[in-house]
Amino acid sequence: MRRLTGLLPRLLIAGLFVAPVLLALTASFRDNSEMYRHAGTLSLWTFIPQAPTLDAYARALALPLLSWQLFNTVVLGFVMATGTTISSLLAGYALSRFSFKGREFVFLLMLFTLFIPVDVILPPLFFVVRDIGLIDSFWGLALPFIFSPMGVYLIRQAIEEVPRELDQAASLDGAGLWEVLRTAILPNIRGALIACWLMHFVFVWEWYLWPLTIIRQDDQQLAQVAISGLIDPLRSSDYALVFAAAILTILPAFVIFAALQRFLTKSVATSGGK
């Protein structure tokens with residue numbers, strides 16, 4: 001009974017997060033007439049389509065640029081996640097193992113930037129990207145966010161968990177800084193590296209304002225921004241098409257997250273606990 005009492009709140013909380021995705025998935029198998037018929041009601045047919053159809057998916061796949069925009073998103077996700085993980089590893093290594101004046105201040109200052117809303121820094125970032133000629137470009141999207149304070153924190157904490165005796169043993173064998181990193185530290189923080197990579201890969205699917213701001217060509221846009229263009233506030237929108245396109249867009253992120261999420265859970269559970 002006690003276990004059941006502890007399980008129910010978890011199921012309720014999980015349901016709050018899962019329900020919108022399930023409703024979107026259900027809506028993607030409806031036609032628009034059925035969707036409007038059950039709008040604003042709560043019944044069995046709210047969650048189960050009466051006449052399931054793949055028509056919305058066929059029309060979504062037939063959109064001229066959706067596949068290319070989804071490809072842009074996936075490629076950007078891999079580049080951003082890989083670049084951010086490398087920069088976070090180097091910064092975390094320096095902040096953990098190098099002794100220099102002001103190290104803790106630099107670390108705290110970096111963490112302070114986490115509290116700055118992204119909306120505040122978008123205008124100056126736009127002018128910087130414009131002045132260096134990266135508007136409407138892949139690198140204009142990626143470079144301003146290739147460094148992540150959260151990634152540095154995650155990896156620094158993982159490196160702090162590695163005993164310094166391993167560094168000393170490698171140094172006694174003649175290893176330099178890069179050899180110590182490769183032989184003594186990297187094998188012990190693989191979980192944190194994968195968690196950092198996964199976190200920033202999924203982060204790309206949350207982007208909206210930044211790609212909307214600097215990308216003007218439809219064939220260079222990200223899928224999530226393009227999907228918003230399918231909604232016309234001035235007339236009735238094809239919501240079945242919108243939901244089908246949204247489900248297709250989140251599939252790559254969902255598959256990769258499902259495959260690697262155990263590393264993220266383990267890393268978050270152990271970070272900060274030396």
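- Leu134 contributes atom CG, which lies 8.0 Å from atom CD1 of Ile214 (distance to the nearest 0.5 angstrom).
- A 4.5 Å side-chain heavy-atom check between Arg97 and Val180 finds every atom pair outside the cut-off.
- Residues in residues 207-225 take part in these side-chain hydrogen bond (donor to acceptor under 3.5 Å, both in side chains) pairs, two or more places apart or across chains: Tyr208-Ser228.
- Rounding to the nearest 0.5 angstrom, the gap separating the CH2 atom in Trp178 from the OG1 atom in Thr183 is 13.0 Å.
- Summarising the geometry, atom CZ belonging to Phe107 is positioned 4.5 Å from atom CE belonging to Met110; distances are rounded to the nearest 0.5 Å.
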**OP:** Walk me through it: do Phe138 and Val79 pass the test side-chain contact (heavy atoms from CB on, under 4.5 Å)?
**Re:** CA-CA 10 Å; Phe138 178 87; Val79 171; 3.7 Å; yes

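- Every residue two or more places apart in sequence or in another chain was checked for a salt bridge (charged side-chain N to carboxylate O under 4.0 Å, His left out) with Arg130, and none qualifies.
- Hydrophobic side-chain contacts under 4.5 Å tie Leu109 into a cluster, directly or through other members, with Phe105.
- Partner of Leu222 under the side-chain contact (heavy atoms from CB on, under 4.5 Å) criterion, chosen from Leu76, Val74, Ile227: Leu76.
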Original post:
Given the rule in the side-chain contact (heavy atoms from CB on, under 4.5 Å) test, do Phe145 and Met80 qualify, once you have shown the distances and angles that lead to the verdict?
Top reply: CA-CA 8 Å; Phe145 294 93; Met80 282 286 298; 3.6 Å; yes

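- Asp31 is linked by a salt bridge (charged side-chain N to carboxylate O under 4.0 Å, His left out) to nothing, counting only residues two or more places apart in sequence or in another chain.
- The stretch residues 132-151 participates, sequence neighbours left out, in these side-chain hydrogen bond (donor to acceptor under 3.5 Å, both in side chains) pairs: Ser148-His200.
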Subject >> Worked verdict on Leu141 versus Ile215 for side-chain contact (heavy atoms from CB on, under 4.5 Å) >> reply: CA-CA 8 Å; Leu141 276 174; Ile215 299 297; 4.1 Å; yes

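- By the side-chain contact (heavy atoms from CB on, under 4.5 Å) test, Val128 pairs with no residue at all, sequence neighbours left out.
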Please set out all donor-acceptor pairs under 3.5 angstrom arising from side-chain atoms of residues 16-28, sequence neighbours excluded.
| unit_1 | atom_1 | unit_2 | atom_2 | d |
| --- | --- | --- | --- | --- |
| Thr26 | OG1 | Leu22 | O | 2.9 |
| Thr26 | OG1 | Phe47 | O | 3.0 |
| Ser28 | OG | Leu25 | O | 2.6 |
| Ser28 | OG | Tyr57 | OH | 2.6 |

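- The shortest side-chain heavy-atom distance between Ile121 and Ile116 falls under the 4.5 Å cut-off.
- For Phe112, there are no ring pair (Phe, Tyr, Trp, His ring centres under 6.0 Å) partners two or more places apart in sequence or in a different chain.
- Closest approach of Arg103 to Ala94, counting heavy atoms only: CD-O, 4.3 Å.
- The two residues Pro149 and Leu114 make their nearest non-hydrogen contact at CB-CD2, 3.7 Å.
- The same ILVMFWY cluster, assembled from side-chain heavy atoms under 4.5 Å apart, contains both Phe126 and Val225.
- Contact annotation: the side chain of Leu61 never approaches that of Leu66 to less than 4.5 Å [non-hydrogen atoms, C-beta and beyond].
- Note that the CG atom of Leu143 and the CG atom of Leu125 stand 11.0 Å from one another [nearest 0.5 Å].
- Judged as a side-chain hydrogen bond (donor to acceptor under 3.5 Å, both in side chains), the pairs with a partner in residues 71-86 (not counting sequence neighbours) are, in order, Thr82-Trp197.
- Residues Leu230 and Leu54 do not share a hydrophobic cluster, clusters being chains of Ile/Leu/Val/Met/Phe/Trp/Tyr side chains in contact below 4.5 Å.
- A search for salt bridge (charged side-chain N to carboxylate O under 4.0 Å, His left out) contacts involving Glu165 returns nothing, not counting sequence neighbours.
- The residue from Leu89, Leu198, Leu154 that alone fulfils the side-chain contact (heavy atoms from CB on, under 4.5 Å) condition with Leu193 is Leu89.
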Side-chain donor-acceptor pairs under 3.5 Å in residues 242-256, sequence neighbours left out?
| unit_1 | atom_1 | unit_2 | atom_2 | d |
| --- | --- | --- | --- | --- |
| Thr249 | OG1 | Ala245 | O | 2.7 |

**OP:** Apply the test side-chain contact (heavy atoms from CB on, under 4.5 Å) to residues Leu166 and Asn188: give CA-CA distance (whole Å), side-chain angles for both, the deciding distance (0.1 Å), then the verdict.
**Re:** CA-CA 10 Å; Leu166 295 178; Asn188 293 289; 3.8 Å; yes

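- Residue Leu90 holds its CG atom at 9.0 Å from CD1 of Ile155, rounded to the nearest 0.5 Å.
- Side chains of Trp68 and Leu63 form no contact here, defined as non-hydrogen atoms less than 4.5 Å apart.
- Hydrophobic clustering, with ILVMFWY side chains joined whenever heavy atoms are under 4.5 angstrom apart, groups Val118 together with Val202.
- Put simply, the side chain of Phe29 does not reach to within 4.5 Å of the side chain of Thr53, judged on heavy atoms.
- Summarising the geometry, atom CZ belonging to Arg164 is positioned 5.0 Å from atom OG belonging to Ser96; distances are rounded to the nearest 0.5 Å.
- Through direct or indirect side-chain contacts shorter than 4.5 Å among Ile, Leu, Val, Met, Phe, Trp and Tyr, Phe115 is connected to no other residue.
- At a threshold of 4.5 Å between side-chain heavy atoms, the hydrophobic network of Ile, Leu, Val, Met, Phe, Trp and Tyr places Leu111 and Phe98 in one connected group.
- Put simply, Tyr93 and Leu186 are part of the same group of oily side chains (I, L, V, M, F, W, Y) that touch within less than 4.5 Å, one to the next.
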